[in-house]
Q: 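Mind having a look at this structure? Questions to follow.
What you are looking at is a predicted structure, and each value in this text was computed from that prediction instead of being measured.
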Amino acid sequence: MTTPTADDLQCYRCGASLAALTLPLSRQDLCPDCGNYLHVCRLCVNYDPRVARQCREDDAEEVMDKEKANFCDWFEPAPGRYDDASAGAAQAARRRLDSLFGDSDRNGDDGDPDAGARRAAEDLFR
């Protein structure tokens with residue numbers, strides 16, 4: 001297996017190219033588009049949601065939040081970690097939540113992000 005270059009990598013969350021970054025990725029490196037940390041389990045070659053602890057490296061310490069920056073010594077960025085299908089599913093779920101609780105921008109709530117949910121809860125308990 002050849003070692004990936006930054007040109008081969010893309011953000012696991014938004015799919016943005018990471019070609020402008022230098023390898024190895026620092027623990028503090030952020031995606032240039034979405035601003036999420038990149039030294040995370042979800043971008044690692046060892047990340048596998050189908051195995052115990054979701055990591056194929058037996059000697060790695062367990063990381064509970066797979067999308068937070070960590071100090072794992074086994075981290076190696078992997079190309080192809082962006083999953084357009086799961087990103088689309090997350091956006092669809094957000095739209096369903098917005099329609100259930102109301103989107104504050106559509107309801108004229110003057111920027112209060114919780115106003116729609118608060119109103120739905122109040123309506124429920126009246």
Side-chain angles (χ1 to χ4, degrees):
M1 179 173 156
T2 62
T3 303
T5 65
D7 292 337
D8 301 327
L9 300 175
Q10 60 187 133
C11 176
Y12 72 94
R13 176 160 287 169
C14 72
S17 172
L18 303 179
L21 300 176
T22 57
L23 295 180
L25 291 176
S26 150
R27 180 182 180 276
Q28 297 300 318
D29 278 338
L30 301 172
C31 171
D33 282 7
C34 69
N36 282 295
Y37 285 107
L38 297 171
H39 195 287
V40 299
C41 295
R42 292 277 312 271
L43 188 61
C44 183
V45 296
N46 294 309
Y47 175 74
D48 185 348
R50 300 167 295 184
V51 300
R53 301 182 302 122
Q54 298 178 335
C55 184
R56 283 183 266 149
E57 177 52 57
D58 293 333
D59 293 334
E61 290 184 33
E62 185 171 9
V63 175
M64 299 309 284
D65 190 340
K66 307 300 185 196
E67 294 185 6
K68 282 204 173 200
N70 60 58
F71 291 101
C72 182
D73 291 331
W74 301 99
F75 175 79
E76 183 180 335
R81 289 297 181 182
Y82 175 68
D83 183 3
D84 194 29
S86 68
Q91 289 172 349
R94 172 63 55 201
R95 283 192 300 273
R96 287 193 302 272
L97 281 172
D98 286 344
S99 70
L100 178 63
F101 292 107
D103 185 6
S104 63
D105 291 339
R106 291 187 305 224
N107 293 329
D109 295 323
D110 299 326
D112 182 359
D114 296 326
R118 190 176 305 108
R119 189 172 37 260
E122 288 170 355
D123 291 344
L124 181 65
F125 292 106
R126 282 190 187 162

Q: In Å, rounded to the nearest 0.5 Å, how long is the span from CE of M64 to CG of N70?
A: 13.0 Å

Q: Between Y82 and G15, what is the shortest heavy-atom contact and its length?
A: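 Closest approach of Y82 to G15: CD1-N, 3.2 Å.
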
Q: Please tell me if the side chains of C44 and P77 come closer than 4.5 Å, counting only heavy atoms from C-beta onward.
A: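 Not touching, per the 4.5 Å side-chain cut-off.
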
Q: Can you tell me if R56 and N46 form a side-chain donor-acceptor pair at under 3.5 Å?
A: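 Per modelled atom types, R56 and N46 side chains form no pair under 3.5 Å.
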
Q: Locate the shortest heavy-atom distance separating L43 from L38; write the atom from each residue and the value.
A: CD2-O, 3.3 Å

Q: Taking all non-hydrogen atoms of both residues into account, name the closest pair between V40 and K66 and its distance.
A: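 That would be CB-O, 3.6 Å.
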
Q: Does F75 share a hydrophobic cluster with L23, counting links as ILVMFWY side-chain heavy atoms below 4.5 Å and allowing steps through other members?
A: yes

Q: Who else is in the cluster with L124 when I, L, V, M, F, W and Y are joined by side-chain contacts under 4.5 Å?
A: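 Besides L124, the cluster holds F125.
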
Q: Tell me, with the steps shown, if Y37 and K68 meet side-chain contact (heavy atoms from CB on, under 4.5 Å).
A: CA-CA 7 Å; Y37 285 107; K68 282 204 173 200; over 6 Å; no

Q: Could you state the interatomic distance from CG (L9) to CG (L21), rounded to the nearest 0.5 Å?
A: 8.5 Å

Q: Hey, are the side chains of Y12 and E67 touching, using non-hydrogen atoms and a 4.5 Å cut-off?
A: yes

Q: Which pairs pass side chain to side chain donor-acceptor pair (under 3.5 Å) with one or both residues in residues 14-33, sequence neighbours excluded?
A: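 Non-adjacent pairs meeting side chain to side chain donor-acceptor pair (under 3.5 Å): zero.
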
Q: Can you tell me if CG on D73 sees more than 12 non-hydrogen neighbours from other groups inside 6.0 Å?
A: no

Q: Does any N or O in the side chain of R81 come within less than 3.5 Å of the main-chain N or O of V45, such that one atom is a donor and the other an acceptor?
A: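 Yes, the answer is positive, given that a donor and an acceptor are paired below the 3.5 Å cut-off.
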
Q: Any chance you could lay out the side-chain contact (heavy atoms from CB on, under 4.5 Å) test for C41 and C55, step after step, and finish with the verdict?
A: CA-CA 8 Å; C41 295; C55 184; over 6 Å; no

